Amino acid sequence: MASGDDSPVFEDDESPPYSLDKMTDLVAVWDVALSDGVHKIEFEHGTTSGKRVVYVDGKEEVRKEWMFKLVGKETFCVGAAKTKATINIDAVRGFAYEYTLEINGKSLKKYMENRSKTTNTWILHLDGEDFRVVLEKDTMDVWCNGKKMETAGEFVDDGTETHFHIGNHDCYIKAVSSGKRKEGIIHTLIVDNREIPEISC
């Protein structure tokens, strides 16, 4: 089983679109939040057959049979931006293995810590539907439910506004200086002239 800070989380309350009966060698599951959504990564490792299979959101991305070397790495892409992901397989003792996930060359924990500094995320409910809006602060790209949004930037008296639409709703992300060097710029999502609280990832 996996161990360490990047250990997978097993969730019993969700049924994947494929049969778990076929996944007899499932050893690790991770949920990874990217700008285009939260992606489920599952890994099968057959220590007797040498099989390695990687699923991303239920779709098989990598399949290798009869691998004689049971330790190593499997690299693949995740999400719309084709983010590089690597599963490291290490022997810990005897026939026990540790499985860790790296995203863009960083441990999942480090990647998520860094991501919380480089993105803002909001969840909102409009017209009976849930929306996940993500701002990538380094590029000012805005994503909504997995799609990169068309935006228009505008300078205003106290900062900038990045305008976009969700259906018939006018939205913008306001960026203003906090006035404090350590806090930097504060980003606020406004939908139909109403401020939406940010969630912490």
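Given the structure is predicted, the values throughout are model-derived calculations rather than measurements.
At most 12 non-hydrogen atoms from other residues, nucleotides or ligands lie less than 6.0 angstrom from NZ of Lys148.
Within the 4.5 Å cutoff, side-chain heavy atoms of Leu135 are placed close to those of Met140. For the pair Val176/His187, no side-chain contact is recorded, criterion being any heavy-atom separation below 4.5 Å from C-beta on. At least one side-chain heavy atom of Lys51 sits under 4.5 Å from a side-chain heavy atom of Glu44. In this structure the side chain of Ile123 reaches within 4.5 angstrom of the side chain of Ile199, judged on heavy atoms. Between Asn104 and Thr83, some side-chain heavy-atom pair lies under the 4.5 Å cut-off.
The line from CD of Glu161 to CD1 of Ile190 is 8.5 Å long, rounded to the nearest 0.5 Å. Here the CG atom belonging to Asp138 is positioned 14.0 Å from the NZ atom belonging to Lys117, to the nearest 0.5 angstrom. The CG atom of Leu101 sits 6.0 Å away from atom CD1 of Ile87, with the distance rounded to the nearest 0.5 Å. Atom OH in Tyr55 sits 11.0 Å away from atom CZ in Phe43 (nearest 0.5 Å). To the nearest 0.5 Å, atom CZ of residue Arg194 and atom CG of residue Leu189 are 9.0 Å apart. The SG atom of Cys171 sits 8.0 Å away from atom NE2 of His165, with the distance rounded to the nearest 0.5 Å.
Using modelled atom types, one side-chain atom of Ser178 and one backbone atom of Gly184 make a donor-acceptor pair closer than 3.5 Å. Remark: the backbone N or O of Val133 is not paired with any side-chain donor or acceptor of Asn145 at under 3.5 angstrom. Put simply, the side chain of Asp57 gets close to the backbone of Lys40: a donor and an acceptor are under 3.5 Å apart.
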- Task: Would you sort out whether Leu108 and Trp30 count as a side chain to side chain contact (heavy atoms under 4.5 Å, CB included), showing the intermediate values?
- Result: CA-CA 9 Å; Leu108 181 59; Trp30 296 272; 3.8 Å; yes
- Criterion side chain to side chain contact (heavy atoms under 4.5 Å, CB included) on Val78 and Ile41, from CA distance to verdict: CA-CA 9 Å; Val78 179; Ile41 298 171; 3.9 Å; yes
- Task: Give the intermediate values and the outcome of side chain to side chain contact (heavy atoms under 4.5 Å, CB included) for residues Lys137 and Asn120.
- Result: CA-CA 7 Å; Lys137 295 184 213 176; Asn120 290 84; 2.7 Å; yes
- Query: Do Thr188 and Ile173 pass the side chain to side chain contact (heavy atoms under 4.5 Å, CB included) test, and can you show the C-alpha distance, the side-chain angles, and the key distance before you say yes or no?
  - Reply: CA-CA 5 Å; Thr188 307; Ile173 296 173; over 6 Å; no
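Ion pairing between Arg115 and Glu113 fails under the 4.0 Å rule for side-chain N and carboxylate O. Salt-bridge annotation for Glu74 and Arg52: present, with a side-chain N of the basic residue lying under 4.0 Å from a carboxylate O of the acidic one. Under a 4.0 Å N-O distance rule, the pair Asp36/Lys147 does not qualify as a salt bridge.
Counted by atom type alone, Glu102 and Tyr111 present zero donor-acceptor pairs between their side chains at under 3.5 Å. Side-chain atoms of Ser35 and Glu136 include a donor-acceptor pair closer than 3.5 Å.
Aromatic rings from Phe164 and Tyr172 are positioned such that their centres are separated by 6.0 Å or more. You'll find the ring centres of Tyr99 and His45 inside the 6.0 Å limit.
For Asn168, there are no side chain to side chain donor-acceptor pair (under 3.5 Å) partners, not counting sequence neighbours.
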Validation: residues 149-157 side-chain donor-acceptor distances under 3.5 Å, sequence neighbours left out:
residue	atom	partner	partner atom	Å
Glu154	OE1	His163	NE2	3.1

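Leu34 is not connected to Phe131 by any chain of hydrophobic side-chain contacts under 4.5 Å among Ile, Leu, Val, Met, Phe, Trp and Tyr, and they are in different clusters.
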